[in-house]
Amino acid sequence: MTTSIILDCDPGHDDMMAILLAAAHPNIDLLGITTVSGNGSLDKVTYNAQRICALAGLTIPIGKGANDPLAGKASAAPTIHGASALDGAPLPEPTYDLSELNAVELIAKLVAESPVPVTLVPTGPMTNIAQFLMAHPELHSKIEHIAFMGGSVTRGNWTPYAEFNIWADPEAADVVLRSGIRTTMVGLNVSHMALATPEVLDRLLALDTDLARTVVDLLKFFAHTYDTVFGMPDPPLHDPIPVAAVIDPAVMTTALLPVSIELNGDLTRGATVVDVHGITGRDANVHVALDLDVDYFWNLIVDSIRDLG
Ligand code: BDR
Ligand code: CA
């Protein structure tokens, strides 16, 4: 079964892999890519989205989105993704222009024109998604599902309790989780199972294509920074996981749980408060990823790079 999706991202190494997986897999119709400041400035991540499409020969509309979160100012993650937000290999220049529509306008147009309900896959701060939901209540019924990478059942990576995407715009995540739309959260508790080990890189290199070699060079940069910053020589490939879950939900196990976003705590702002034991009495509002079929996930990734040639 094919699912129509819009990928809202901040490329970023793992966002790149999410784009490539979504573009390659026959179960996905990738209607559009929208960008949000996160791993780098809005200009950098938008340029990266264009360069990724050029690299893989894709012609998917790209809408440039939010520069700043709903509250406050943008912050980037150069320690992880490098100065360009996608360091590690030379990439081709864009082959086509950005959409004339900004991210919110492009999402609204694609959703309104789609003959079937659309799934949104945010893999960066959820500013564009929240702005779309607030601006277009008439289109909520056409959103089938929001499957995002962000948060954690356990601890954070950007602060002790907050994961980067949620920390970067907690108010936007709060809007999404309160929307009433079916939502799936892929947090660090699962994304840290998807480690790009040397064996994975060898499988990619064995494809013997220019695309695979470029992807491996980029992932080696990602591995180096993860090792330096977190002591993790095999970096976690967070962002393709919600795409994989849309391709086939069997790639991970989930539980419907109450999840709230901490908006105020001096030490915990941006934390995803997941009520695993049902002790708050709050309504269960999010399908939370709890486990990953790691072999299946990597087969999907390797196959996607093979199929894009
Ligand atoms: C998330 O933050 C970004 O650095 C990655 O692209 C991923 O979306 C992981 O915390
Ligand atoms: Ca990301």
Side-chain angles (χ1 to χ4, degrees), residues 5-22 33-42 44-49 52 65-66 69 74-88 103 120-129 146-170 172-173 176 184-196 215 218-219 221-230 232 234-245 261 269-272 289 292 297 301:
I5 79 164
I6 298 168
L7 188 52
D8 184 65
C9 56
D10 60 337
H13 296 75
D14 51 338
D15 301 84
M16 171 189 70
M17 300 304 283
I19 292 172
L20 298 178
L21 177 59
I33 296 169
T34 49
T35 59
V36 60
S37 113
N39 286 327
S41 69
L42 181 63
K44 286 181 182 176
V45 299
T46 304
Y47 179 52
N48 290 344
I52 293 162
S75 31
T79 51
I80 302 298
H81 299 274
S84 73
L86 190 54
D87 279 9
L120 305 179
V121 183
T123 63
M126 289 197 275
T127 319
N128 294 332
I129 304 299
I146 300 174
F148 70 91
M149 192 282 137
S152 180
V153 173
T154 53
R155 294 293 180 98
N157 61 1
W158 215 247
T159 73
Y161 277 86
E163 179 279 333
F164 176 77
N165 290 340
I166 307 297
W167 171 86
D169 195 342
V176 170
T184 296
M185 169 177 134
V186 176
L188 300 173
N189 55 297
V190 158
S191 70
H192 280 198
M193 299 177 189
L195 301 176
V215 163
L218 291 163
L219 291 180
F221 178 90
F222 197 45
H224 177 69
T225 57
Y226 252 89
D227 194 16
T228 305
V229 175
F230 295 112
M232 294 175 74
D234 302 335
L237 218 57
H238 315 273
D239 289 343
I241 301 175
V243 176
I261 306 296
R269 179 171 153 79
T272 42
L292 181 71
F297 171 75
I301 294 291

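In listed order, ligands and their atoms are each counted from 1.
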For F221, what residues pass the ring pair (Phe, Tyr, Trp, His ring centres under 6.0 Å) criterion, not counting sequence neighbours?
H13
Heavy atoms of other groups near H224 NE2, more than 12 under 6.0 Å:
no
Would the distance check show the side chain of [X] and the main-chain N or O of [Y] forming a donor-acceptor pair, the cut-off being under 3.5 Å?
| X | Y | value |
| --- | --- | --- |
| K44 | N39 | no |
| D169 | M126 | no |
| T184 | A147 | no |
| D8 | P122 | no |
| D239 | M17 | no |
| T272 | S152 | yes |

Indicate, as side chain, backbone, both or neither, the part of H81 found under 4.0 angstrom from ligand 1 when only non-hydrogen atoms are considered.
side chain
Just heavy atoms, cut-off under 4.0 Å: does D15 contact ligand 1 by side chain, backbone, both, or neither?
side chain
What protein heavy atom lies closest to atom 3 (C) of ligand 1? Include the residue and the distance to one decimal.
N39 OD1, 3.1 Å
Can you check whether N157 has an N/O within less than 3.5 Å of an N/O in ligand 1?
yes
With only distance considered, is T123 within less than 3.5 Å of ligand 1 through an N or O on each side?
yes
Quick one: which ligand 1 atoms are inside 4.0 Å of a heavy atom on [X]?
| X | result |
| --- | --- |
| D239 | 5 (C), 6 (O), 7 (C), 8 (O) |
| D14 | 5 (C), 6 (O), 7 (C), 8 (O) |
| N165 | 1 (C), 2 (O), 7 (C), 8 (O) |
| E163 | 1 (C), 2 (O), 9 (C), 10 (O) |

With rounding to the nearest 0.5 angstrom, report the CD to NE2 distance, E163 to H238.
7.5 Å
Any side-chain donor-acceptor pair under 3.5 Å between N189 and T154?
no
Counting only protein N/O/S atoms, those under 3.0 Å from the Ca ion (ligand 2) total 5
